[in-house]
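Throughout, residue positions are numbered sequentially from 1 according to the sequence presented.
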Amino acid sequence: MKGPVVPPVRVALAEAVHALPRDPGRLAYEPKFDGHRMVLFRGAAGEVVLQARSGRLVTAAFPDLAEAARALPDGTVLDGEVVVWSGGRTDFAAVQGRAAATPGRAPALARRLPASYAAFDVLAADGADLRPAPYVRRRERLEALLSGLGPPIQAVPMTTDPDVARDWFETLPAVGVEGLVVKRLDEPYRAGRRAWRKLRHTDTRDAVVIGFTGPRERPSALVLVLPDDDTPVVSGPLAPRLRAEAGAALRGLPEPVGGGTATAVGVGEVAYRSVPPVLEAEVAQGTTRHTVTTVLRLKGGGERGG
């Protein structure tokens, strides 16, 4: 692929805050959807590449989005969130099921669980790298690019009014919006840096279970994928009660074929046995020397396939 911005790219990140930032005339507010981060490349020669936050290419897993992206002008690169809507709200387990699909299964899943792309930034357009440009200019270009396109690729809402942002924060959780992302209007796109700010409703999050360590009947830890990141994370040791509950839940899932390794934050590579991404867990994350992911409770999940 040729162009001013080619895969893989490092994405801009957000630092968590605990109160709504206010700086009239200098900040933009966007809803934070509960999905997977994805960079969408529409090459100069017409090709389409989809990249996850980790740098992994996931084009084959989302044929519906790849096809929709062909309507974009050559040389366009977007940053955003891929979501799946179910029952009027975003469904993170469904997104993970889509992301984990084999190329053979992906077309059927795309028909059953169609994906949407909530674009919140543009990294390149018209053959130019827009990352050095201020956010306000990038936002104007994003809206111009997508104004006549429509679903499944759309720009996320944005406001510069903190009172409107507060209303969003209080009302949008019902549709699966986990909080707000706050950006400075004059700031460039800072790849790999936590220049943005993120306000979430709680310190807990819903994650998808993709594997476990230890015995299946009483697993020692769970391997999880969290919203906005496709890199597997190994939880801290499960409490005895959760080990029993997890063992009961895992008994109802198909036996894993083979195994795999995951790069756990602050732990290194850990061997684990994989399971279909249908079970969810509520988790909390804290930091000592390393980030620690603690499973608080298990949640049910429907059959997604993969």
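Heavy-atom contacts from other residues, nucleotides or ligands closer than 6.0 Å to CZ of Arg141 number more than 12. Atom CZ of Arg10 has 12 or fewer heavy atoms from other residues, nucleotides or ligands within 6.0 Å.
There is a path of hydrophobic side-chain contacts, each under 4.5 Å, that joins Leu13 to Phe33. Both Val156 and Val39 belong to a single network of hydrophobic side chains, linked directly or stepwise wherever heavy atoms of I, L, V, M, F, W or Y lie under 4.5 Å apart. Val136 and Val164 end up in different hydrophobic clusters when Ile, Leu, Val, Met, Phe, Trp and Tyr side chains are linked at under 4.5 Å. Tracing side-chain contacts under 4.5 Å through hydrophobic residues (I, L, V, M, F, W, Y), one reaches Trp85 starting from Val177; they form part of the same cluster. The cluster map of Ile, Leu, Val, Met, Phe, Trp and Tyr, joined by side-chain heavy atoms under 4.5 Å apart, puts Phe212 and Leu253 in the same cluster.
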Using the side-chain contact (heavy atoms from CB on, under 4.5 Å) rule, take Phe41 and Val48 through it: C-alpha gap first, then chi angles, then the decisive distance, then the call.
CA-CA 6 Å; Phe41 300 83; Val48 172; over 6 Å; no
Residues Thr90, Phe92; criterion side-chain contact (heavy atoms from CB on, under 4.5 Å); working and verdict:
CA-CA 6 Å; Thr90 58; Phe92 180 59; over 6 Å; no
Assess whether side-chain contact (heavy atoms from CB on, under 4.5 Å) is satisfied between Val58 and Gln51, documenting all intermediate values.
CA-CA 6 Å; Val58 294; Gln51 177 204 308; over 6 Å; no
Pair Leu199, Phe169 - check side-chain contact (heavy atoms from CB on, under 4.5 Å), show working.
CA-CA 9 Å; Leu199 177 66; Phe169 186 75; 3.7 Å; yes
Start with the C-alpha gap between Asp91 and Arg98, add the side-chain angles, then the distance that decides, and say whether salt bridge (Lys or Arg N to Asp or Glu O under 4.0 Å) holds.
CA-CA 11 Å; Asp91 186 337; Arg98 288 290 313 271; over 6 Å; no
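Comment: Glu15 does not engage Arg197 in a salt bridge, judged by the lack of any side-chain N to carboxylate O separation of less than 4.0 angstrom. In this structure, Asp34 does not pair ionically with Arg89, as no charged nitrogen and carboxylate oxygen lie closer than 4.0 Å. In summary, Arg22 and Asp163 engage in a salt bridge, as defined by a charged side-chain N under 4.0 Å from a carboxylate O.
Considering only heavy atoms from C-beta on, Leu40 comes within 4.5 Å of Ile153 through its side chain. Considering only heavy atoms from C-beta on, Val122 stays 4.5 Å or farther from Val77 through its side chain. Contact of the Pro21 side chain with the Leu27 side chain is registered, since non-hydrogen atoms from C-beta on lie closer than 4.5 Å. Inter-residue side-chain proximity for Leu50 and Leu65 is flagged as met; some heavy-atom pair is nearer than 4.5 Å. In this structure the side chain of Val275 reaches within 4.5 angstrom of the side chain of Leu250, judged on heavy atoms. Here the side chains of Pro232 and Ile210 are in contact, with some heavy-atom distance below 4.5 Å. Residues Thr231 and Leu226 form no side-chain contact, since every pair of their non-hydrogen atoms from C-beta on lies 4.5 Å or further apart. No side-chain heavy atom of Val17 sits less than 4.5 Å from a side-chain heavy atom of Lys198.
Here the shortest heavy-atom pairing between Thr59 and Ala66 reads CG2-CB, 4.1 Å. The two atoms that bring Trp168 and Leu180 nearest to each other are CB-CD2, 4.2 Å, heavy atoms only. Closest non-hydrogen pair, Val11 versus Arg53, comes out as CG2-CG, 4.0 Å. Nearest heavy-atom pair across Asp79 and Tyr189 is OD2-OH, 2.7 Å. Looking at every heavy atom in both residues, Ala249 comes nearest to Leu279 through CB-CD2, 4.0 Å. Shown here for Thr293 and Val283, the closest heavy-atom pair between the two residues is CG2-CB, 3.9 Å.
No donor-acceptor pair closer than 3.5 Å links the side chain of Gln154 to the backbone N or O of Ala119. Under the 3.5 Å distance criterion, the side-chain polar atoms of Arg243 are matched with a main-chain donor or acceptor of Arg218. Looking only at distances, no side-chain donor or acceptor of Gln96 sits under 3.5 Å from a matching main-chain atom of Ala94. Distance alone, capped at 3.5 Å, places no donor-acceptor pair between the Thr76 side chain and the Leu72 backbone. A distance-only check finds no donor-acceptor pair linking the side chain of Arg131 to the backbone of Arg190 [under 3.5 Å]. When atom types are taken as modelled, the side chain of Arg42 and the backbone of Gly75 share no donor-acceptor pair closer than 3.5 angstrom. Put simply, the side chain of Tyr117 gets close to the backbone of Gly80: a donor and an acceptor are under 3.5 Å apart. In this structure, Arg139 contributes its side chain and Glu143 its backbone to no donor-acceptor pair below 3.5 Å. With hydrogens and angles disregarded, a donor-acceptor distance shorter than 3.5 Å links the side chain of Ser235 to the backbone of Leu222.
With rounding to the nearest 0.5 Å, the separation of CZ in Arg138 from CG in Leu145 is 13.0 Å. Separating the CD atom in Glu30 from the CZ atom in Phe120 is a distance of 7.0 Å, to the nearest 0.5 Å. Interatomic distance, CZ of Arg205 versus CD of Glu282, reported as 12.0 Å (0.5 Å rounding). One finds the CZ atom of Arg273 at 6.0 Å from the CZ atom of Arg216 (value rounded to the nearest 0.5 Å). Expressed to the nearest 0.5 Å, how far CD of Glu280 lies from CZ of Arg297 amounts to 10.0 Å. Atom CG of Leu298 is separated from atom CD of Glu245 by 5.5 Å, given to the nearest 0.5 angstrom.
With 3.5 Å as the limit, one finds a donor-acceptor pair spanning the side chains of Ser54 and Asp230. Remark: the His36 side chain and the Glu81 side chain contain no N/O donor-acceptor pair separated by less than 3.5 Å. With hydrogens and angles left out, the side-chain atoms of Tyr135 and Asp121 include no donor and acceptor closer than 3.5 Å.
When each of Ser116, Pro152, Pro227 is paired with Val83, the side-chain contact (heavy atoms from CB on, under 4.5 Å) condition holds for Ser116 and for no other.
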